[in-house]
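One structure below.
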Amino acid sequence: MKLTDKAVQTAHEDHFGQPGKLFRAPARVNLIGEHTDYTGGLVMPMAIDFQTIAVISPREDKRLAFYSHNYGEETIFDLKSLERGRQGHWSDYPAGVAWSLWKEGIRFGGFNITLSGDVPLGAGLSSSASVEVAAAMAILSLSESTLPLAKLATLCRRAENEFVGAKSGIMDQFVVAGAVAHRAMMLDTRSLEFDLLPLPDDVRVVIANSMVRHAVATGEYGNRRDEVEAGQAVLQQECGVALLRDATLADLGACRDRMSPESFARCRHIITENERVLQARDALLESDMPRFGELMVKAHTSMRDDFAASCEEVDTLVEIALRQSGCIGARITGGGFGGCTVNIVKASEAEAFVSAVQREYAQATKIEADCFICEPADGALALAKKGGVA
Ligand code: GLA
């Protein structure tokens with residue numbers, strides 16, 4: 001399905017019999033800083049040019065109707081039943097956002113909303129944050145409110161954590177809302193301060209989808225988070241750190257006997273990853289892409305060995321990428337257990353890189369990988385400011 005503003009506007013009118021206002025939110029890819037965002041750590045994502053479009057119009061009867069153009073399906077319920085909780089359905093994401101905004105005291109009447117998106121699902125590119133932020137922008141317009149970036153991201157994250165029940169950090173919602181074109185964002189997930197960093201013109205960010213699906217709402221992501229939090233609790237008690245973010249490798253070593261080997265390894269990944277993000281920022285500021293690439297490779301090894309969050313197909317994809325002449329760095333991106341790799345590739349060799357990776361990955365696994373050559377895109381707030389609202 002080709003995603004155009006007109007197609008979604010028309011779908012909304014056909015379905016609800018009235019025109020609506022249009023909002024959009026991109027997807028994201030994380031360049032480095034994985035699984036650091038729920039212990040106050042550092043991340044470096046950028047928004048990418050996939051999107052969720054939300055078209056909204058008011059209705060008189062105080063009901064909330066969510067129509068998915070992708071699934072051709074509508075869910076409708078009363079404003080009063082916002083406490084209905086998770087249904088295990090796609091509508092949990094936008095309904096959770098309505099719930100979270102309402103809980104914050106933001107008042108709105110009934111609405112019809114159409115959602116349509118082209119973000120690959122289960123690929124680690126934040127399809128869920130994209131839906132959440134697009135829905136939030138749309139609902140906020142009805143209540144004639146605006147929210148600053150940190151608040152908008154925090155409320156969308158709350159929808160995902162408390163309504164959908166996925167224990168994710170704040171990276172995705174923050175960058176999907178607040179990204180700026182041509183820049184990566186280094187975000188401190190504790191203070192929510194961030195730096196916008198340029199990528200050199202002569203490199204491209206290439207995303208390769210292993211086609212192995214992952215789901216943040218279930219399973220391994222939550223297990224990893226529990227292991228990390230168990231390790232953090234020991235460090236808090238023994239070393240007096242406020243968050244894992246504040247712990248050093250020496251602190252962790254001193255506590256080794258008091259935590260499980262899994263917690264030890266997960267915490268080691270996070271402590272070293274935070275350091276790698278700082279070094280990656282310096283590398284970008286100095287346009288030292290070989291250094292940036294080395295840090296990505298180390299980050300992948302750490303995700304694979306210490307965090308145990310990669311899988312055979314993704315490791316194969318990284319190995320293949322690193323064999324290509326134009327490849328500067330490659331690693332798994334996102335929550336893990338499948339999904340995509342992110343690669344920094346010389347611009348002049350990006351097309352050749354894509355062909356070679358697809359060919360060699362198909363030979364090795366019999367799977368056709370989707371690949372995308374990306375540039376850092378605008379987040380939802382910048383899009384709205386530049387006239388993304390129609
Ligand atoms: C998912 C979560 C994020 C983050 C990443 C891992 O995308 O939604 O909050 O934890 O995994 O870095």
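Heads up: numbering here begins at 1 and tracks the sequence. Nothing here was measured: the structure is a model prediction, and the numbers come from that model. Just follow the structure's listing: the first ligand is 1, and inside any ligand the first atom is 1.
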Quiz item: If you count the atoms of ligand 1 from 1 in the order shown, which ones are under 4.0 Å from a heavy atom of Met171?
Solution: 4 (C), 5 (C), 12 (O)

Exercise. For a salt bridge (charged side-chain N to carboxylate O under 4.0 Å, His left out) with Arg281, tell me which candidate from Asp288, Asp188, Asp195 qualifies.
Key: Asp195

Quiz item: Have Ser143 and Arg107 got a donor and an acceptor in their side chains that come within less than 3.5 Å?
Solution: no

Quiz item: Between the side chains of Trp90 and Glu73, is a donor N or O closer than 3.5 angstrom to an acceptor N or O?
Solution: yes

Quiz item: Just by distance, with hydrogens left out, do Glu13 and Gln9 show a side-chain donor and acceptor under 3.5 Å apart?
Solution: no

Practice problem: Heavy-atom distances under 4.0 Å are what count here, so tell me which part of Arg28 touches ligand 1: side chain, backbone, both or neither. | Solution: side chain

Self-check item: Spatial distance of atom OH (Tyr38) from atom CD1 (Ile170) [nearest 0.5 Å]
Solution: 15.0 Å

Quiz item: If we only count N/O pairs under 3.5 Å, is His35 in contact with ligand 1?
Solution: yes

Self-check item: Those atoms of ligand 1 less than 4.0 Å from some heavy atom in Tyr38
Solution: 10 (O)

Quiz item: ligand 1 and Thr36, any nitrogen or oxygen pair closer than 3.5 angstrom?
Solution: no

Quiz item: Is it true that atom CD of Glu312 has more than 12 heavy atoms of other residues, nucleotides or ligands lying nearer than 6.0 Å?
Solution: no

Self-check item: Any N or O of Glu160 closer than 3.5 Å to N or O of ligand 1
Solution: no

Quiz prompt | Geometric N/O contact Gly169 with ligand 1, under 3.5 angstrom | solution = yes

Practice problem: Measure the spacing between CZ of Phe174 and CG of Leu187 and express it to the nearest 0.5 Å. | Solution: 5.0 Å

Quiz item: Judging by distance only, is a nitrogen or oxygen of Asn30 under 3.5 angstrom from one on ligand 1?
Solution: no

Quiz prompt | Per-atom contacts, ligand 1 versus Glu34 - under 4.0 Å to a heavy atom | solution = 6 (C), 12 (O)

